[in-house]
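A short worksheet on the structure shown next.
All heavy atoms count here, side chains included; hydrogens, waters and symmetry mates do not.
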Amino acid sequence: MRLPFFYGWVVVAVTFVTMAIGVNARTAFSLFFPPIISEFGWERGVTAGAFSFGFVVSGIVSPLIGRLMDRAGPRAVMELGVVLMGGGLLLAPLTSTPWHLYVTIGVMVGAGSVCLGYSGQSLFLPNWFIRKRGFAIGIAFAGVGIGSVTLLPWVQHMIEETGWRTACTAMGLLILVVLAPINLFLHKRPEDIGLQPDGDATPAAGAATPVSNIVDPVWVGTDWTLRRAIGTARFWWIALGYFSGLYIWYAVQVHQTKFLLDIGFSPGVAVWALGIVSLLGIPGQILLGHVSDRIGREWVWAISCAGFAICFAALMALKFQPSLWLVYVMVFAQGALGYGLTSIMGAVVFEIFQGRHQGSIFGTIMLAALAGGAAGPWLTGFLYDRTGDYTLAFAIAMVVSGLSALSVWQAAPRKVRAVAGRLHKLKPTSAAE
């Protein structure tokens, strides 16, 4: 039965729901953290180490998930993620010693989050769209923001009413009951079910050749294996850009609440600021994803990096003038602009290294990105401990923001494939994609 709309939007809807539940299920550890410490009396470092260990696990398995995507497709990857994350959350309530938490929340939830989160979805979703690629990914990834303002308050209420074990079990059941069936609707690419990207009709014989989005036919014609990709400068520019991008993302996300409290803002303002950042990220991702389809991925990546630079500049200024309007600037720049990075992460890699091995290539690049996500909070905290304030750390983060923008500009996806808004500048060719 033919649908009255492009099946790619079904894929976007499934991804939206999966991200809303899957990403926030991992984030919910921050809500489980206080009652677990209260119950067992473990050191904070030991308890929080389970979440950090999960970050390490995520980095290790990311290339493996990419390889699995290339061989078995998204249904296998997503259902593996459902089993791992759902199983980890269902087993976590049985915790009685720290290593139980490390196995369940660390290994199982950490590995499952790679499948269900940004990395896993970016391995196949860009296949479904070319002209609307950034817009579609922006909508799909906005599910994270919707989940954070709906799911996390529900989890917190359940913890307060029935305890962390019941809340953890409920999250595990939600993942199994909702995500297991809907991810069976996924397909790796539209051609697998007889469709074309963006829902375009299959060109009829003798029809005019459409304008191709290929700028560099030689590059596009190469069979990009992981080994070949690693041997190019573009691979390393992207890796550096993504390392730097997640460095600045997590550096501010982890430390901004404590910083605002340190300079005299109330806990209410500090918590509000963090929540509004996620809320602003919803329209920010969608709008900047759409804009990237018009003006190019590099421009939007640079805009998002500029957003983080403005955010860090506002934080530095807040130390000397702790006014609410600077908090507004920081929140807007971080959420509405900075969060746009996620809407084009997959697009940049696919437009440069699209092919049979794109999953393995993207998974390996995400290893560098996750390393940046781990380095940002650590180095920011380390510099604070050594200097007594965040000024140097935030200044370095501003430099890293510029480095990230420069790196993706050097990778130059615009010189391999043009976005829809730039097609009018290309001449029709016989190598239409």
Side-chain angles (χ1 to χ4, degrees), residues 21-66 68 77-120 151-152 155-156 158-159 162-176 179 246-247 249-251 253-255 258 363 366-382:
I21 297 174
V23 172
N24 286 294
R26 186 183 187 188
T27 304
F29 177 78
S30 62
L31 304 180
F32 300 140
F33 184 61
I36 290 174
I37 291 177
S38 178
E39 176 179 339
F40 294 107
W42 297 332
E43 293 181 355
R44 295 190 183 193
V46 171
T47 309
F51 185 81
S52 300
F53 185 63
F55 218 107
V56 174
V57 171
S58 298
I60 293 172
V61 304
S62 184
L64 303 178
I65 296 300
L68 178 62
V77 171
M78 296 303 138
E79 299 300 356
L80 174 62
V82 167
V83 170
L84 287 171
M85 181 170 276
L89 289 168
L90 290 175
L91 290 172
L94 302 177
T95 293
S96 60
T97 62
W99 74 264
H100 293 161
L101 208 60
Y102 277 69
V103 171
T104 55
I105 299 295
V107 175
M108 296 181 70
V109 174
S113 70
V114 178
C115 303
L116 301 179
Y118 292 103
S119 297
L151 195 61
L152 295 183
V155 172
Q156 181 61 38
M158 190 175 299
I159 291 172
T162 61
W164 74 271
R165 284 184 167 83
T166 302
C168 199
T169 300
M171 285 297 302
L173 290 174
L174 182 67
I175 288 171
L176 293 176
L179 300 189
L246 264 66
Y247 177 103
W249 183 303
Y250 284 101
Q253 187 178 90
V254 170
H255 289 276
K258 187 66 172 69
M366 285 307 295
L367 181 59
L370 291 168
W378 174 81
L379 184 58
T380 301
F382 175 82

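Sorted by first and then second residue, the side-chain hydrogen bond (donor to acceptor under 3.5 Å, both in side chains) pairs involving residues 372-381 (not counting sequence neighbours) form an empty list. Residue pairs that meet the salt bridge (charged side-chain N to carboxylate O under 4.0 Å, His left out) test with at least one member in residues 52-66, sequence neighbours left out, do not exist here. Under the salt bridge (charged side-chain N to carboxylate O under 4.0 Å, His left out) criterion, the residue pairs touching residues 163-172 are E39-R165, with sequence neighbours excluded. For residues 77-115, the set of pairs meeting the ring pair (Phe, Tyr, Trp, His ring centres under 6.0 Å) definition, not counting sequence neighbours, comprises F53-Y102.
Taking every heavy atom of both residues into account, P35 and W164 meet most closely at CG-CB, 3.8 Å. For L84 against A111, the heavy-atom pair with the smallest separation is CD1-CB, 4.0 Å. Of all the heavy atoms in I159 and A167, the pair that sits closest is CG1-CB, 3.6 Å. Contact between A170 and M158 at its shortest, heavy atoms only, is CB-SD, 3.5 Å.
One finds the CG atom of L179 at 10.0 Å from the CE atom of M78 (value rounded to the nearest 0.5 Å). Once rounded to the nearest 0.5 Å, the distance linking CG of L80 with CD1 of I65 reads 5.5 Å. Rounding to the nearest 0.5 Å places CZ of F32 at 9.5 Å from CD of Q156. We find the CG-CD1 distance between L89 and I105 to be 5.5 Å, quoted to the nearest 0.5 Å. Note that OG1 of T47 is 4.5 Å distant from CD1 of I37, once rounded to the nearest 0.5 Å.
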List the steps, then state whether side chain to side chain contact (heavy atoms under 4.5 Å, CB included) holds for L116 with V23. CA-CA 7 Å; L116 301 179; V23 172; over 6 Å; no
Please determine whether side chain to side chain contact (heavy atoms under 4.5 Å, CB included) holds for the pair L101 and W42, giving the CA-CA distance in whole Å, both sets of side-chain angles, and the decisive distance to 0.1 Å. CA-CA 12 Å; L101 208 60; W42 297 332; 4.2 Å; yes
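Note on ring orientation: taking the six-membered ring where Trp is involved, the planes of F29 and F33 are tilted (angle from 30° to 60°).
Listed by chain and residue number, N24, T27, A28, L31, S148 satisfy the side chain to side chain contact (heavy atoms under 4.5 Å, CB included) test with L152 (two or more places apart in sequence, or in another chain). Remark: P34 pairs with no residue by the side chain to side chain contact (heavy atoms under 4.5 Å, CB included) rule, at least two apart or across chains. Scored by the side-chain hydrogen bond (donor to acceptor under 3.5 Å, both in side chains) test, S58 finds R26 as partners (sequence neighbours excluded). Taking L91 as the reference, L94, T104, M108 meet the side chain to side chain contact (heavy atoms under 4.5 Å, CB included) condition, with sequence neighbours excluded. Scanning for side chain to side chain contact (heavy atoms under 4.5 Å, CB included) contacts around I60 gives V56, with sequence neighbours left out. With sequence neighbours excluded, no residue satisfies side-chain hydrogen bond (donor to acceptor under 3.5 Å, both in side chains) with E79.
Looking at S62, its side chain never comes within 3.5 Å of a backbone N or O of G59 through a donor-acceptor pair.
When I21, L90, V83, V109 are each tested for a side chain to side chain contact (heavy atoms under 4.5 Å, CB included) with I175, only one passes: I21.
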